[in-house]
Asks: 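Input: one structure, supplied below.
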Amino acid sequence: MDQQYKFSQIEKKWQKYWNEEKIFKTSEDNNKEKYYVLEMFPYPSGKLHMGHVRNYSIGDVIARYLTMRGKNVLHPMGWDAFGLPAENAAIKNDIHPDIWTRKNIKEMREQLKMLGLSYDWDREVATCYPDYYKWMQWIFIQFFNKGLAYKKKNPVNWCPSCQTVLANEQVVDGFCERCHAAVEKKDLEQWYLRITEYADRLLDDLDLLAGWPDKVKTMQRNWIGKSEGAEVEFTIEGFDKTLKVFTTRPDTLFGVTYMVLAPEHPYVNELTREDEKKEIVAEFLERLQHLSDIERTSTTLEKEGIFTGRYAINPMTGKDVPIYIANYVLLDYGTGAIMGVPAHDQRDFEFARKYSLPIIPVVDPKDPNVDLLNLKEAFVAEGEMINSGSFNGISNRDAIKRITEYLEKKGLGTTTVNFRLRDWLISRQRYWGTPIPMLYCETCGWVPEKIENLPVLLPADVEFTGKGESPLTTSKSFIKAQCPQCGGIAHRETDTMDTFLDSSWYFLRYTDAKNIEEAWDKEKSDYWMPVDQYIGGVEHAILHLLYARFFNKFFFDMGYSPCAEPFSNLLTQGMVLKNGAKMSKSKGNVVSPEEIIKKYGADTARLFILFASPPEKELEWSDTGVEGSFRFLSRVYRLVFELKDEIEGASDNFTIESSRDKELNYVLNTAIKKVTEDLGSRFNFNTALSAIMILVNEIYKYKSETVINKALLRCAIKSLILILSPFTPHICEELWHYIGNRGTVYHEEWPLYDEDATVRDETEIAVQINGKVKDRIMLASGLPEADFLAEAMKNDIVKALVDGKNVIKTIPVPDKLINIVIK
RNA sequence: GCCGGAGUGGCGGAAUUGGCAGACGCACAGGACUUAAAAUCCUGCGAUCCUUACCGAUCGUACCGGUUCGAUCCCGGUCUCCGGCACCA
């Protein structure tokens with residue numbers, strides 16, 4: 001071994017060894033307890049960034065540690081490889097997305113390997129490879145067969161100039177972000193997955209996820225947005241259909257003074273009978289079409305409405321109330337129509353003010369500060385019922401129940417639950433995604449491709465213009481096909497799937513990644529699932545994690561997953577910042593992992609990232625901090641290098657011979673304990689590493705003693721290498737071999753600590769008078785409370801401090817402090 | 001607006017169950033080694049005050065208050081920052 005810490009040589013050497021010996025290959029083993037560590041797989045952009053390094057370093061420490069603890073660890077990696085950037089590259093550089101993506105995967109795989117991560121590369125998947133998306137298509141067909149995938153016409157954002165559908169995020173102030181043409185709403189047929197069918201279970205089962213951050217669970221709860229209320233039917237004057245509304249406040253029914261329909265509501269056309277009104281309504285609709293959903297639903301947008309000329313009848317009061325259409329009512333929530341209660345809903349209040357509609361309070365706050373006859377804003381809190389006929393005088397909370405019961409008895413309404421969660425629009429007019437394996441036949445309608453014909457391959461003969469519908473429509477070979485049902489002429493769906501589908505089941509595919517007979521073998525998913533620890537960015541808190549949970553529940557129902565929830569524990573790692581801001585090209589504060597690895601080595605990069613901040617917090621990049629990490633590793637290297645001859649041939653068993661021995665043994669065992677606990681339960685890598693640094697400092701001190709205990713020193717060095725190895729594996733392998741061991745530290749057992757050795761003979765005790773520290777004294781450790789108190793009171797300093805005062809109370813905390821309350 | 005989370009030295013952070021605030025590291029300062037530099041090693045490093053110095057005193061975990069023998073930790077209020085949702089009836 002070289003006297004210098006030549007990280008580059010060392011890292012290459014051990015990466016080669018791990019690779020050639022297939023050290024990280026895993027298979028099912030019923031004699032061992034399994035542990036599945038998963039990090040969110042990356043999009044293969046071609047360049048690794050610090051966020052990846054952080055994510056994968058965290059996972060690697062966990063995987064390596066648990067392997068050393070004797071667990072059978074599954075730790076896979078793959079590529080979320082479909083997506084728009086590949087298509088943009090195709091348009092810009094005239095390179096096929098497939099070639100571009102494969103090149104990026106190759107480059108990124110090399111970069112990941114440079115980090116020395118303990119992946120079983122034999123399980124690698126890429127969502128864009130036909131052997132993966134074949135099963136994506138199979139899954140889609142399972143959804144379709146169960147009635148959970150369907151095609152529906154719905155208004156979407158359409159840019160007339162680019163001739164393409166736009167995502168809401170691509171619409172800026174009602175205009176296309178690329179060509180600035182006014183975006184229109186267009187009714188298009190799109191594929192949806194019926195995730196709303198699972199809304200209740202997705203909500204309820206969040207309670208099973210004790211190992212998830214509350215923040216993420218709260219975000220999912222809000223996203224699913226369950227609200228309980230009632231559906232109420234209103235009759236319309238001179239109209240044969242009734243108007244249904246959803247409300248969470250049936251107690252305010254007596255306060256309804258108008259009704260509002262969403263502008264797209266199917267009744268709108270029939271309800272506006274007068275020609276004059278029809279014109280105004282048409283003009284209003286035209287104007288709204290130029291607004292995106294984002295603006296339509298913005299609270300800053302002024303409420304605007306049009307009277308239809310019709311009246312509904314309030315079922316409680318029998319009074320006429322005018323029916324409006326207005327921009328603040330959404331078609332796809334509830335029934336697309338609402339009852340207006342200006343006195344008790346702020347939005348209705350503003351609308352009523354603007355159009356001079358009556359405001360009738362029905363809930364009395366019994367608060368002198370609220371003037372019910374002259375409200376300045378809607379009163380939304382609880383109170384006592386007024387102006388509500390026979391319901392007057394009860395609390396509005398009771399009225400919710402009573403009025404709903406009344407409605408149900410009269411056949412005017414029912415209790416209902418509504419979710420903000422909408423069905424998942426999954427079709428995309430893009431090339432680089434999984435083809436939706438459906439065909440349209442004039443006689444049979446939408447028919448799935450036969451399973452034996454899967455995969456439906458992405459055609460090669462397409463043009464990338466960036467315009468029009470899906471590029472698949474330009475393929476001559478793709479569209480025309482035989483109907484799988486009747487054998488007649490059918491045409492293929494040309495839309496592809498949202499890439500979020502591909503990433504909703506990859507964790508299951510990893511359990512049996514190379515299976516060509518089925519998506520995965522149930523026995524294998526039974527063994528490995530659920531994922532014990534999932535690690536990734538908090539930006540996936542809602543979409544990815546919700547979709548993955550949805551898919552897993554679907555498989556669970558099919559018997560293809562053994563668990564109701566796929567990820568038992570979730571760690572959301574914080575962002576990597578430089579100068580207080582997220583690293584980004586435009587800010588020019590990007591630190592390239594490759595350069596850091598070149599300059600200091602992967603071990604240093606890993607060490608810095610793990611040491612500088614706890615994993616779920618933000619991490620501020622510091623060049624001098626990286627140098628500090630490098631210095632530490634050099635120090636460890638030097639330590640072992642210098643001590644090699646000293647500890648060579650020493651016994652594996654030591655006896656404590658001096659107080660210095662005792663102290664080193666104390667620090668050693670404390671360090672092992674601390675690292676074991678920090679890795680085992682909290683993932684506080686920073687404090688674990690700080691314990692290791694303390695150990696290194698102590699060994700340095702110890703080795704300069706005149707008498708040294710070689711066996712003890714040998715044990716300390718061995719343990720040091722082992723407990724550091726999950727963090728910085730390359731240097732540890734090197735040092736492990738240097739002091740005469742064989743094989744890999746990865747297969748070594750995690751060192752045990754001696755609980756007795758983690759206690760010193762004497763402990764420093766803080767002496768407090770009235771809660772303020774006055775002195776510190778040494779007392780034998782582990783004294784029972786009574787002895788501890790007696791010993792502490794015997795001390796001269798205590799006596800002096802207490803002399804001449806009244807001791808009111810003494811509070812002894814053994815091994816910590818004693819507080820003497822005096823007067 | 002609503003829902004979360006956070007606020008500790010010059011900086012990143014530690015204090016695991018209400019028990020010695022500032023572990024570990026970075027930066028900085030002084031010293032040793034060196035012809036010199038780098039590297040390495042040693043020492044100091046919250047603020048204010050007292051003192052020639054030693055010793056010591058007071059304050060200090062965003063701010064105000066409370067509970068407690070004792071509060072970074074628990075409770076009430078305020079401020080600031082970050083994140084999510086945002087006309088969901």
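Throughout, a chain's letter reflects where its sequence line sits, starting with A, and its residues are numbered from 1.
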Asks: Which part of the nucleic acid does A:Pro614 contact within heavy-atom distance under 4.0 Å: base, sugar-phosphate only, or nothing?
Replies: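 Here A:Pro614 touches the backbone only, sparing every base.
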
Asks: For the P atoms, the ones on B:G9 and on B:A47, what distance do you get once it is rounded to whole angstrom?
Replies: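 About 12 Å, rounded to a whole number of Å.
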
Asks: Does A:Arg631 have a side-chain nitrogen or oxygen under 4.0 Å from the phosphate oxygens OP1 or OP2 of B:C26?
Replies: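 Yes, because at least one side-chain N or O of A:Arg631 sits under 4.0 Å from OP1 or OP2 of B:C26.
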
Asks: Hunt down the Watson-Crick or G-U wobble partner of B:U34, both distances under 3.5 Å, from any strand shown, or write none.
Replies: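 Its partner: none found.
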
Asks: Nearest-nucleotide wise, let me know which of A:Val773 and A:Asp214 is further upstream toward the 5' end of RNA chain B.
Replies: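 By nearest-heavy-atom nucleotide position, the 5'-most residue is A:Asp214.
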
Asks: Measuring to OP1 and OP2 of B:G25, would you say a side-chain N or O of A:Arg635 lies under 4.0 angstrom away?
Replies: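 So the side chain of A:Arg635 is outside the cut-off, no N or O lying under 4.0 Å from OP1 or OP2 of B:G25.
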
Asks: State which residue, out of A:Thr810, A:Ile811, A:Asn806, fulfils the side chain to side chain contact (heavy atoms under 4.5 Å, CB included) condition with A:Val821.
Replies: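 The passing option is A:Ile811.
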
Asks: I'd like the P distance from B:G60 over to B:C73, given in whole Å.
Replies: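 It works out to 13 Å between them.
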
Asks: Of the listed nucleotides (B:C69, B:C20, B:A89), which one gets closest to any side-chain atom of A:Thr247?
Replies: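 Closest of the options to the side chain of A:Thr247: B:A89.
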
Asks: If I take atom CG in residue A:Leu330 and atom P in nucleotide B:A89, what distance separates them, rounded to the nearest angstrom?
Replies: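 Computing the A:Leu330:CG to B:A89:P distance gives 10 Å.
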
Asks: State the pairing partner of B:A6; accept Watson-Crick or G-U wobble contacts with both distances under 3.5 Å, and report none otherwise.
Replies: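 Base-paired to B:U80.
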
Asks: Now, which nucleotide makes the Watson-Crick or G-U wobble pair with B:C74, with each of the two distances under 3.5 Å?
Replies: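 Pairing partner: B:G66.
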
Asks: Of the listed nucleotides (B:C69, B:A89, B:U58), which one gets closest to any side-chain atom of A:Val329?
Replies: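 In terms of side-chain proximity for A:Val329, the closest of B:C69, B:A89, B:U58 is B:A89.
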
Asks: Counting only distance, no hydrogens or angles, is the base of B:C69 paired donor-acceptor with the side chain of A:Asn819 under 3.5 Å?
Replies: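 Donor-acceptor pair under 3.5 Å: yes.
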
Asks: Taking 4.0 Å as the cut-off, does a side-chain nitrogen or oxygen of A:Asn222 come that near to OP1 or OP2 on B:A86?
Replies: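 Checking A:Asn222 against B:A86: no side-chain N or O falls below 4.0 Å of OP1 or OP2.
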
Asks: Does A:Phe234 form a side-chain contact (heavy atoms from CB on, under 4.5 Å) with A:Val245? I'd like the steps, not just the answer.
Replies: CA-CA 8 Å; A:Phe234 285 71; A:Val245 300; 3.8 Å; yes

Asks: Given A:Glu764 and A:Ile777, is the side-chain contact (heavy atoms from CB on, under 4.5 Å) satisfied, shown in steps?
Replies: CA-CA 6 Å; A:Glu764 194 182 62; A:Ile777 58 174; over 6 Å; no

Asks: Name the residue closer to the 5' end of RNA chain B, choosing between A:Ser634 and A:Thr218 according to the nucleotide with the nearest heavy atom.
Replies: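 The answer here is A:Thr218.
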
Asks: At 4.0 Å (heavy atoms only), tell me whether A:Gly334 reaches a base, stays on the sugar-phosphate, or touches nothing.
Replies: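 No contact.
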
Asks: Using Watson-Crick or G-U wobble geometry with both distances below 3.5 Å, tell me the partner of B:A39, or none.
Replies: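 Its partner is none (no Watson-Crick or G-U wobble pair with both distances under 3.5 Å).
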
Asks: Roughly how many Å is it from NE2 in A:His540 to C1' in B:G84, rounded to a whole number?
Replies: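 Taking atom C1' of B:G84 as the reference, NE2 of A:His540 is at 15 Å.
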
Asks: From the set B:C85, B:C59, B:G13, return the single nucleotide nearest to any side-chain atom of A:Lys772.
Replies: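 Nearest to the side-chain atoms of A:Lys772, counting from C-beta on, is B:C59.
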
Asks: Ignoring the backbone of A:Lys816, work out which of B:A89, B:G19, B:G12 is nearest its side chain.
Replies: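 Ranking B:A89, B:G19, B:G12 by closest atom to the A:Lys816 side chain puts B:G19 first.
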
Asks: Just how far, in rounded Å, is P of B:A23 from CD of A:Glu764?
Replies: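 It is 14 Å, rounded to the nearest whole Å.
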
Asks: Over how many whole Å does the gap from A:Glu618 atom CD to B:G83 atom C1' extend?
Replies: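 Going from CD in A:Glu618 over to C1' in B:G83 covers 9 Å.
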
Asks: What's the gap between B:G1 and B:U67 when it is taken at their P atoms, as a whole Å value?
Replies: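 Roughly 33 Å separates the two P atoms.
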
Asks: Among B:C24, B:C41, B:U16, which nucleotide has an atom closest to any side-chain atom of A:Arg638?
Replies: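 The closest nucleotide is B:C41.
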
Asks: Which whole-number value in Å describes the distance from A:Leu577 CG to B:C82 P?
Replies: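 It works out to 12 Å between those atoms.
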
Asks: Once you apply the 3.5 Å cut-off to both distances, tell me the Watson-Crick or G-U wobble partner of B:U48, or none.
Replies: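 Paired with B:U48, as far as the under-3.5 Å criterion goes, is B:A57.
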
Asks: Would you kindly give the CD-to-P distance between A:Glu350 and B:A89, to the nearest whole Å?
Replies: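 It is 16 Å, rounded to the nearest whole Å.
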
Asks: Show the numbers, then the answer: is there a side-chain contact (heavy atoms from CB on, under 4.5 Å) between A:Phe683 and A:Leu571?
Replies: CA-CA 9 Å; A:Phe683 300 139; A:Leu571 187 131; 3.6 Å; yes

Asks: Are A:Phe611 and A:Phe685 close enough that their ring centers fall under 6.0 Å?
Replies: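 That pair fails the under 6.0 Å test.
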
Asks: Mind checking A:Val813 for me? I need base, sugar-phosphate or nothing, with any heavy atom below 4.0 Å counting as a touch.
Replies: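 Contact class for A:Val813: base.
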
Asks: Within a radius of less than 6.0 Å around CD of A:Glu705, do more than 12 heavy atoms belonging to other residues, nucleotides or ligands occur?
Replies: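 It does: A:Glu705 CD has more than 12 such atoms within range.
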
Asks: Under 6.0 Å between ring centres, would you say that holds for A:Trp424 and A:Phe500?
Replies: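 Ring-ring flag for A:Trp424/A:Phe500: false, centres at least 6.0 Å apart.
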
Asks: Can you figure out which of B:G12, B:A89, B:G25 approaches the side chain of A:Ser227 most closely?
Replies: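 Of B:G12, B:A89, B:G25, B:A89 is nearest to the side chain of A:Ser227.
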
Asks: Could you tell me the separation between the CG atom of A:Asp332 and the P atom of B:C87, rounded to a whole number of Å?
Replies: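 It works out to 12 Å between those atoms.
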
Asks: Which is it for B:G9, anti or syn, if anything within 90° of zero counts as syn?
Replies: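 Chi for B:G9 falls in the syn range.
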
Asks: Between A:Ser622 and B:A27, does any side-chain N or O lie under 4.0 Å from OP1 or OP2?
Replies: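 No, because none of the side-chain N or O atoms of A:Ser622 sits under 4.0 Å from OP1 or OP2 of B:A27.
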
Asks: Other residues, nucleotides and ligands only: do more than 12 of their heavy atoms fall within 6.0 Å of CD on A:Glu762?
Replies: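 Above 12, so yes.
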
Asks: Determine the interatomic distance between P on B:G46 and the same-named atom on B:A39; round to the nearest Å.
Replies: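 After rounding to an integer number of Å, I get 25 Å for this pair.
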
Asks: Take atom C1' in B:U51 and the same atom in B:C41, then report the distance between them in whole Å.
Replies: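 That atom pair is separated by 33 Å.
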
Asks: To the side chain of A:Lys215, which of B:G4, B:G84, B:C41 is closest?
Replies: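 Nearest to the side-chain atoms of A:Lys215, counting from C-beta on, is B:G4.
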
Asks: If you measure only the distance, is there a donor-acceptor pair under 3.5 Å linking the side chains of A:Thr604 and A:Ser629?
Replies: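 Short answer, no.
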
Asks: So which nucleotide does B:G1 pair with, by the Watson-Crick or G-U wobble rule with both distances under 3.5 Å?
Replies: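 Matched B:G1 with B:C85 under the 3.5 Å cut-off.
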
Asks: Pick the P atom in B:G31 and in B:C24, then give their distance to the nearest Å.
Replies: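 B:G31 and B:C24 have their P atoms separated by 24 Å.
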
Asks: Any side-chain N or O of A:Tyr328 below 4.0 angstrom from OP1/OP2 of B:A89?
Replies: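 It does not, given that no N or O in the side chain of A:Tyr328 lies less than 4.0 Å from OP1 or OP2 of B:A89.
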
Asks: Once you apply the 3.5 Å cut-off to both distances, tell me the Watson-Crick or G-U wobble partner of B:G12, or none.
Replies: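 Across any shown strand, B:G12 pairs with B:C24.
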
Asks: With sugar-phosphate meaning primed atoms plus P, OP1 and OP2, does A:Asn418 contact a base, only sugar-phosphate, or nothing at under 4.0 Å between heavy atoms?
Replies: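 If one applies the 4.0 Å heavy-atom cut-off, A:Asn418 turns out to touch nothing in the nucleic acid.
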
Asks: Between B:C55 and B:A36, how far is it from one C1' atom to the other, in whole Å?
Replies: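 It works out to 42 Å between them.
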
Asks: With a 4.0 Å cut-off on heavy atoms, is A:Lys226 in touch with a base, just the backbone sugar-phosphate, or nothing at all?
Replies: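 Since no nucleic acid heavy atom lies under 4.0 Å of A:Lys226, the category is nothing.
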
Asks: Across the strands shown, which category fits A:Ile694 at heavy-atom distances under 4.0 angstrom: base, sugar-phosphate, nothing?
Replies: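 Sugar-phosphate: the residue A:Ile694, judged by heavy atoms under 4.0 Å, touches backbone atoms but no base.
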
Asks: Of the candidate nucleotides B:C24, B:A89, B:C87, which contains the atom at the shortest distance from the side chain of A:Ser690?
Replies: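 Side chain of A:Ser690 sits closest to B:C24.
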
Asks: Rounded to whole angstroms, how far apart are OH on A:Tyr5 and C1' on B:U40?
Replies: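 Distance, rounded to whole Å: 18 Å.
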
Asks: Where the side chain of A:Leu817 is concerned, which of B:C20, B:C87, B:G13 is the nearest nucleotide?
Replies: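 Nucleotide nearest to A:Leu817's side chain: B:C20.
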
Asks: Nearest to the side chain of A:Arg682, which nucleotide is it out of B:U16, B:C20, B:G25?
Replies: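 Within the option list, the nearest is B:U16.
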
Asks: Where do A:Glu785 and A:Pro812 come nearest, in terms of heavy atoms and distance?
Replies: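 Closest approach of A:Glu785 to A:Pro812: CG-CG, 3.7 Å.
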
Asks: Expressed as a whole number of Å, how far does the P atom of B:G5 sit from that of B:C74?
Replies: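 Their P atoms lie roughly 12 Å apart.
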
